[in-house]
Amino acid sequence: MAEAENQGPSSADRNGAGPRGACRLGGESADSRAMNFRSGHCGALRVKDVGQRATLAGWVGSRRDHGGVIFVDLRDREGITQVVFRPEEHAATAGAAHNLRDEDVIKISGTVAKRLEGTENAKLSTGEIEIVADDLQILNKADVLPFPLDEQIANEDLRLTHRYLDLRRPGMAANLQLRHRVIKTVRDILDGDGFWEIETPILSKSTPEGARDFLVPSRLNPGNFYALPQAPQQYKQLLMAAGVEKYFQIARCFRDEDLRADRQPEFTQADIEMSFVTAEDLFALIEKMFVAVFRAAHGVEITTPFPRLTHREAMDRFGSDKPDTRWTQEIVDVGDIFAGTEFKVFRGALDSGGVVRALNAKGLAKITTGQIEELTEMAKQFGAKGLAFIKCENGEWKSPIVKFFTEAEKASLRERLRIEDGDLVLFGADQWEIVCEVLGRVRLRAVELIGLTHDPKRLDFLWVVDFPLLAWSDEEQKWNAVHHPFTRPKAEDLPLLEAKKYAEVRAEAYDIVLNGVEIGGGSIRIHEADLQSVMFNVLGVNEEQQASMFGHLLKAFKFGTPPHGGIALGLDRLIMLLAGAESIRDVIAFPKNNRGIELMTGSPSPADFRQLRELSISSTKKA
RNA sequence: GGAGCCUUAGCUCAAUUGGUUAGAGCGCUGCCCUGUCACGGCAGAGGUUGCGGGUUCGAGUCCCGUAGGCUCCGCCA
């Protein structure tokens, strides 16, 4: 495959021309197509077009009616053009224009004219011209709008109920366009690299582990249910067994869990799987893809390769498996400084095999007592017994615990944490895992409390690698897969797996993180039936269950499945970050609200009795 | 399942310690206005302060409950 194919869309592509070799169907520029209904879009006309006739169609953005002359800002998705109605030239047309109101859909014809000296509008790309209309057709009248389209509106309920209006707003339209651009770039890059886009079933099989499934009753098989896929995981591995070698899919995934600003019950992943690859091959591919995506979406050049942190290191330094490294303050071990301390809390933690660690929250000494309490409350929520602190103000250390410190301890602390006036030092003393988690959470909250706003152009990508393979669940009293049951243990840790030292086994698994948001994750998979069976056994899936639930996969592994691995990128979150949005709802055309309701159509809704009877199901819900 | 914040006109918001007839801007309706682009001017309509209960001489304001929205925790292989 020619290298040039891997360079991503050119700047011309951003105007819709498409990269070399890409399918051109539907890829033409919006204005290059022959237009019969209208002569062009509302963002197109310039001074060079003065004197020409033009026919435009669109929505009435605003009407400025001077009693005589009337101005209308005509808007379509490409821009705004000012239309002038002059009663002295076209009385009937101008007369009709008096009755226009916001969001009426109209078609106008007229002559492109240079605006009068001094009345140009620098805010519009078409601001040097206007169309003197001699014909006006009202294509559809609009009622009074439920909310204004030209300003930010907080009421998301109302926006979602009238989403088609919300999406007319330029900001939202830009998000949709950005989404299209990102997804097209992903497709182009993968196509250029020899990947095949293959659709896998939406009506598929329930998986025992993982999130709750959405179930679909089968009419033809009464009492049986399809599950909507949480991810195309098994199918894509079976495509590797099928010899596809390079697969991808812009895949809709479904998980019946509670919603969040960054979680919808249905969401979109760029799902990728390759045969005969190492993790390094995947990292290189994904980095190349991000270079192309950020070039196409933002015109920025990002730096590769991305830094890497092991999971252990990420937890140790940032208290998170998806560190936000834009704020450079890290969690630091101070156990050695307090090796001889008499302070009971530190002494107790160290004596019981725990750690004492600290975070210097630079510039947070101005924190209020209430905010300290909030941080303490949060620390307790994540398993700490409390949250010790030192406020460094006006040259003195204000703290309930500093009286227990020796001068030498204070001096060492000052040096290691680079403590200066205005800092707030927070301590964690407990088992390593708890301290990391607590200080990691506190670290993120501290950034909010400082009111720190990061440079919006800053893009801190990183790979988190060497995730643990397994995690103990107290609730279920069993080992669960941290990534998923098909993830490959690191070769050098296989002896640990055999020795049943499950907590120590690392996986060939990796996440990609951008500015503290997990935007993708993947692994090298198990491709041997024996090893997969061992893995299932560890997870408490017995032989019988293995045969009934995963027999197809185990069988495929026995018929020559190649070594393979892959990754899935969360496109909604990625596009959210690119758009600078605070919720993935802002980059999804028709999202659901917090309770999983799509307010515009009102789904979900009750099913009538006949429908349920046909499906052989009844509801346990009391009416 | 849990915690926090919020709910006043179509929209965005205000209303002092609990005190007169709940206000403003935008939008809407009518009239006027020939170079605006947040056009301008005059006039007008529009409210069971989410809902239910309580305290009080008096509640948008205080208390209890409830509904809805958002954010977070749990959950999300």
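Naming convention: chains lettered A, B, ... in sequence-line order (proteins, then strands); numbering from 1 in each chain.
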Closest-nucleotide 5' rank along RNA chain B - winner of A:Gly68 and A:Asn121: A:Gly68
Mapping A:Gln230 and A:Leu160 to their closest nucleotides on RNA chain B, which lands nearer the 5' end? A:Leu160
Counting any heavy atom closer than 4.0 Å, what does A:Ile70 reach on the DNA or RNA strands: base, sugar-phosphate only, or nothing? nothing
Please determine whether any donor N or O and acceptor N or O are separated by less than 3.5 Å between the side chain of A:Glu151 and the base of B:U12. no
Sticking with atom P, work out how far B:G30 lies from B:A45, rounded to a whole angstrom. 15 Å
Would you classify A:Asp258 as touching base, sugar-phosphate or nothing, given that sugar-phosphate means primed atoms plus P, OP1 and OP2, and contacts are heavy atoms under 4.0 Å? base
Using the P atoms only, state how far B:A24 lies from B:A14, rounded to an integer number of Å. 16 Å
Provide the distance between the two C1' atoms, one in B:U36 and one in B:G41, to the nearest whole Å. 15 Å
For atom CZ of A:Arg159 and atom P of B:G68, their distance in whole Å: 22 Å
Quick one: does A:Glu88 reach the base of B:U34 with a side-chain donor-acceptor pair under 3.5 Å? yes
When the distance from CG of A:Leu145 to P of B:C26 is rounded to whole Å, what number comes out? 17 Å
Can you classify the ring geometry of A:Phe550 versus A:Phe486 as parallel (below 30°), tilted (30 to 60°) or perpendicular (above 60°)? perpendicular
Side-chain-base donor-acceptor pair under 3.5 Å for A:Arg101 and B:G27: no
Base, sugar-phosphate or nothing for A:Asp256? Non-hydrogen atoms, less than 4.0 Å. nothing
When the ring planes of A:His162 and A:Tyr164 are compared, do they come out parallel, tilted or perpendicular, using 30° and 60° as the limits? perpendicular
Please state how far atom CG in A:Asp65 lies from atom C1' in B:G30, giving the value in whole angstrom units. 14 Å
Output yes if the stacking criterion (under 5.5 Å between centres, under 30° between planes) is met for A:Phe71 over the base of B:U36, else no. yes
A:Phe147 has an atom CZ; how far is it from atom C1' of B:C11, in whole Å? 10 Å
For A:Arg595, report the nucleic acid contact type (base, sugar-phosphate, nothing); a contact means any heavy atom under 4.0 Å. sugar-phosphate
Starting from C1' on B:G4, measure out to CD on A:Gln381 and report it in whole angstrom. 11 Å
